[in-house]
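The structure appears below as structure tokens.
Convention: sequence-line order gives letters A, B, ...; per-chain numbering from 1. Keep in mind the model is a prediction, meaning the values are calculated, not measured.
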2 protein chains.
Amino acid sequence: MNSKVNPNIRLEDLARALKLSIATVSRAISDSPRVKPETKKRVKAMAEKMGYRPNQIAKSLSSGKTNVIGVIIPRYDEPFFIEVCRGIDHIARKYNYRIVISSSRNSYKFEKENTFAFEKGVVDGVIMSFTHHTKTFTHVDEMISRGLPVVLFDNVSSKIKGAAHVIIDDYESAFQATDLLIKENNKSIGYISGTVMKTVFNKRFDGFKEAHIRNNQVYDEKHILNCKSIHQEHEYREVYNFLNKLEHMPNAFFCSTDNYAMLTIKALIKLGYKVPRDVKVMGFGNLHYSSMFTPELSSVSQPSFYMGEVSAEILISKIEKDYYFEDGKDEVILPTKIVQRETTR
Amino acid sequence: MNSKVNPNIRLEDLARALKLSIATVSRAISDSPRVKPETKKRVKAMAEKMGYRPNQIAKSLSSGKTNVIGVIIPRYDEPFFIEVCRGIDHIARKYNYRIVISSSRNSYKFEKENTFAFEKGVVDGVIMSFTHHTKTFTHVDEMISRGLPVVLFDNVSSKIKGAAHVIIDDYESAFQATDLLIKENNKSIGYISGTVMKTVFNKRFDGFKEAHIRNNQVYDEKHILNCKSIHQEHEYREVYNFLNKLEHMPNAFFCSTDNYAMLTIKALIKLGYKVPRDVKVMGFGNLHYSSMFTPELSSVSQPSFYMGEVSAEILISKIEKDYYFEDGKDEVILPTKIVQRETTR
DNA sequence: AAAATTGCCTAAAACGTTTTCGAAAAATTC
DNA sequence: GAATTTTTCGAAAACGTTTTAGGCAATTTT
């Protein structure tokens, strides 16, 4: 069912028009040294004149390369992931790659589907971050064993060998943030986060605990919330109810996400507290709207755009130079930075 | 340079193992009625056993279909576009398509590049929204004339024939929003927006004006701001300075975007005004974080997700059924809804 | 002047499918 | 049991490239 309807011109048409062979035309187009400059000129002029555009599909089939990078993120509607994608895209373009973004819609099943879709020689490599439901990794192992370069970022797993990891030090960052809150004389600090299924959240909580231990301060279990809801509205109710039932309100909250920080602030205000006067709040992620929020949000700044850039650089070097990090060195840890704005002042 | 390294198995391997022809195996895999059920079973069992996965590239080359939809948006970091993409993706999956999202990074040059990349038989159709710098449309005309189905959404142009348009009635929506503000007894209303280059902004301003005319109310030219900046920070300064210099503060502002609404509120609060007590604010877009904002933002709700869904439905029907809207009927106008939350109470 | 080298080009195979055309086998009809 | 129809399968062309292997002419080396 090859629709002869669109009159796309092919190498063969150029060859005929120029009285050359297809091979020569192909080589001329791709600037091979094996064709004489004058001929190249002729070919290129004719290609321009006839409006020739190479058929990428045929190219891919023949060369085995697609110049496409597959990206799998847990969801589209989290600005962090979009920022990472922007970073990936930025580097991809630089090296003449395009990216295909797939969302797992927070489901292990869809994530697996996405990896299968990417296996089929449609992409040259894959950059991905796991959903927090992902506990087995055979789908990734399969990609790797088929020779597809893979780079993992953000929510990764150390169980996977043969893929590079690009992460931040969640533990250390959370430690620093909490340490700062403690040093600024907040005697009791709460922690608000999401599902305990997500390993990054656990690491952040570990950092939170460690900061308390090292400063000889104790936190109250009653001040810890791990939301179970998924939707914004429900999460807000959960946070609100939690805060509402507290007998004693902490001086500050460390939230594992800017989103939770915003919900927390909103609930605090509803409950009649002033932020930061009565309660201070520290977020995590430093999304671009953190600074638009009123009051402006203090946050652990995660280099999301840069994280995408680094992931893409590594992936492309894997693809092109067949260059693999040796074992143990395949982990890149990106620095974070605490940005103090109004909510902790 | 076909790397024999990955042992992907092909139809030929299946055929050999089953002592059948490639043709039969191909047909069995794709459930053609021309092969006996029993043979199908055998083929499918063997395919499963040997881990066969069809090569999509070869499939595309042969069939002339890629099952990929190209999406071009002005920028990644605007939640509205991401929402639209989610909608597109939702429908695309339903019909077994994948989407490739490209950002024009707010540049006409990149937009054109993106359309060229999509022309090359890599996609079956294109869904796009223009940057506000886009004034000529030959790149789109070229796609259409090559037989590539195109659907335009949001920021479109009526100059383009042969592409469907999916839009909201910016004029009417802005009219309704302003009308409501007037009816609720706001005697003077300001308007805060972005560059006048963007036609949707102009239409929204027209609606704003019309509501005044019909209600016999006048607005003050001094209360109109069209920001020229691009970056958040600068825009905020611009809004702040504008408000700061106002001799007389209006009772309410209609903002052409939720983003502007947030900046406006932030500036108002900084200047010591209470929202909504002193000044009311109405946004446009109803992004998912409008409700997380404190105070919660009133906004014209734009069905962004749905807009994506509709665009995808139209595109796919164009692709599959060769079904084209007849002239004049190729425009779908989606309804908006005013969501009153705290900032106008 | 013969031999070797270089520069420029071509024919044809290969990539892995789909699909057309047709043939053989099986089932049905007379 | 022959003729017809239906079912089932196979050979080969096609999709548009890249690349291998090689050929011919011009140039350089012996």
Quick check: does any side chain N or O of [X] sit under 3.5 Å from a backbone N or O of [Y], one acting as donor and the other as acceptor?
X: A/N106; Y: A/P74; result: no
X: B/D330; Y: B/H165; result: no
X: A/E111; Y: A/T131; result: yes

Measure the distance from [atom1] on [X] to [atom2] on [N] and round it to the nearest whole Å.
X: A/K59; N: D/dT18; atom1: NZ; atom2: C1'; value: 10 Å
X: A/I29; N: D/dT18; atom1: CD1; atom2: P; value: 9 Å
X: B/K65; N: C/dT17; atom1: NZ; atom2: P; value: 18 Å
X: B/K40; N: D/dT8; atom1: NZ; atom2: P; value: 9 Å

Give me, pair by pair, the N or O atoms of the protein and of nucleotides 22-27 of chain D that are less than 3.5 Å apart, along with how far apart they are.
| residue | atom | partner | partner atom | Å |
| --- | --- | --- | --- | --- |
| D/dG22 | O6 | A/R34 | NH2 | 2.7 |

Do the rings of A/Y108 and A/H139 sit parallel, tilted or perpendicular, given the 30° and 60° boundaries? perpendicular
Please tell me if B/S21 has a side-chain N or O lying less than 4.0 Å from either OP1 or OP2 of D/dG10. yes
Please determine if a side-chain N or O atom of A/T24 lies less than 4.0 Å away from the OP1 or OP2 oxygen of C/dT10. yes
Between A/R105 and A/F110, is NZ or CZ placed under 6.0 angstrom from the six-membered ring centre and within 45° of the ring axis? yes
Going from CZ on B/R42 to OG1 on B/T24, what distance comes out if it is rounded to the nearest 0.5 angstrom? 10.0 Å
Using heavy atoms to find the nearest nucleotide of DNA chain D for B/A58 and B/A23 separately, return the residue whose nucleotide is more 5′. B/A23
Assign each of B/R27 and B/Y52 to its nearest nucleotide of DNA chain C by heavy atoms, then name whichever residue's nucleotide is nearer the 5' end. B/Y52
